[in-house]
Amino acid sequence: MARISNPNEVLEQLNKVRQVRQYEDKPISPDVVAQLLEIARWTGSSRNTQPWHFIVIDDKEKLKAISELRTPINWVAEASIAIAIVLDGEKENSEAYDEGRVTERLMIASHLLGLGAGTAWYGDEPLQEKGKEILGIPKERTARSVVAIGHRISAKDPRPNPAASGRNPISEIVSHNEFGKSWK
Ligand SMILES: Cc1cc2nc3c(=O)[nH]c(=O)nc-3n(C[C@H](O)[C@H](O)[C@H](O)COP(=O)(O)O)c2cc1C
């Protein structure tokens with residue numbers, strides 16, 4: 001039996017979670033930030049190591065500095081807040097996986113709360129070092145992304161070089177029992 005009375009509605013909303021890069025100039029309430037942090041806290045991780053620390057960034061100067069690390073993330077300056085994901089820096093693969101899980105949860109939760117969110121990566125290693133400096137993160141930690149969050153204007157990609165939209169069809173990405181054997 002479904003655990004909620006409206007699973008189809010929630011699934012429909014899940015499919016609407018998009019990378020949001022345009023935000024209104026409007027704050028997010030502290031209660032909502034607290035809700036998002038609870039969602040992050042309860043994310044599953046490899047062996048429940050919870051290899052993370054989160055920095056809530058609402059200082060406009062810091063948001064701007066992060067946005068200036070790399071042109072493809074210049075939209076971060078417009079976000080109301082960003083949550084930086086800081087990893088322990090001990091297990092590269094599993095921490096990268098856990099970072100993806102917590103990022104997606106924050107994006108889903110933001111969407112369900114009526115906001116929009118987008119992941120923004122600092123870039124290659126020298127840029128990650130700069131990102132760490134901006135946020136005062138110890139050198140031995142891994143930090144390479146923030147989840148920017150705000151009141152969504154649009155999920156259109158406003159960048160001069162927008163990422164392709166849409167998704168590949170099920171017939172191309174799913175097999176039945178054996179790789180390459182068609183599913184339906
Ligand atoms: C590892 C990773 C890095 C990304 N880096 C950027 C980025 O630098 N700038 C950006 O605007 N979006 C970035 N994105 C977001 C992707 O462009 C986005 O997930 C993809 O285009 C699908 O967007 P949609 O769900 O809105 O269709 C990144 C996503 C991932 C998973």
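Atoms within a ligand are numbered from 1 in the order they appear, just like the ligands themselves.
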Task: side chain to side chain donor-acceptor pair (under 3.5 Å) between T119 and Q19, worked out - done: CA-CA 7 Å; T119 178; Q19 170 87 355; 5.6 Å; no

- [ ] Count the heavy atoms of every other residue, nucleotide or ligand shown that sit under 6.0 Å from CG of N6, and state whether that count exceeds 12.
- [x] yes

Open item on the list: If you define the side chain from C-beta out and look only at heavy atoms, does anything of E129 sit under 4.5 Å from K139?
Closed with: yes

- [ ] Quick one: look up the protein heavy atom nearest atom 21 (O) of ligand 1 and list residue, atom name and how far away it is.
- [x] A163 CB, 3.5 Å

Open item on the list: Would the distance check show the side chain of R152 and the main-chain N or O of A117 forming a donor-acceptor pair, the cut-off being under 3.5 Å?
Closed with: no

- [ ] Verify the distance criterion only: is there a donor paired with an acceptor across the side chains of Q50 and N48 at less than 3.5 Å?
- [x] yes

Open item on the list: Students should be able to answer this: which protein heavy-atom is nearest to atom 16 (C) of ligand 1, and at what distance?
Closed with: R21 NH2, 4.0 Å

Open item on the list: Quick one, L63 and D59 - any side-chain contact, counting heavy atoms below 4.5 Å?
Closed with: no

Task: Atoms of ligand 1 close to I73 [distance to a heavy atom under 4.0 angstrom, numbered from 1] - done: 7 (C), 8 (O), 9 (N)

Task: Closest protein heavy atom (residue, atom, distance) for atom 4 (C) of ligand 1 - done: W121 CD1, 4.2 Å

Open item on the list: Are more than 12 heavy atoms, taken from residues, nucleotides or ligands other than I173, located less than 6.0 Å from that residue's CD1 atom?
Closed with: yes

Open item on the list: Going by a strict under-4.0 Å cutoff (protein heavy atoms only), does atom 10 (C) of ligand 1 have a neighbour on the protein?
Closed with: yes

Open item on the list: So, 4.0 Å and heavy atoms of P72: is ligand 1 close enough to count as a contact?
Closed with: yes

TODO: Considering heavy atoms of the protein only, find what lies nearest to atom 28 (C) of ligand 1 and give residue, atom and distance to 0.1 Å.
DONE: T119 CG2, 3.8 Å

TODO: Number the atoms of ligand 1 from 1 as they appear, then name those within less than 4.0 Å of a heavy atom of R70, with their elements.
DONE: 7 (C), 8 (O)

Task: Closest candidate by heavy atom, reference atom 19 (O) of ligand 1, pool Q19, R144, R167 - done: Q19

Open item on the list: Show me which atoms of ligand 1 lie under 4.0 Å from any heavy atom of W75.
Closed with: 10 (C), 11 (O)

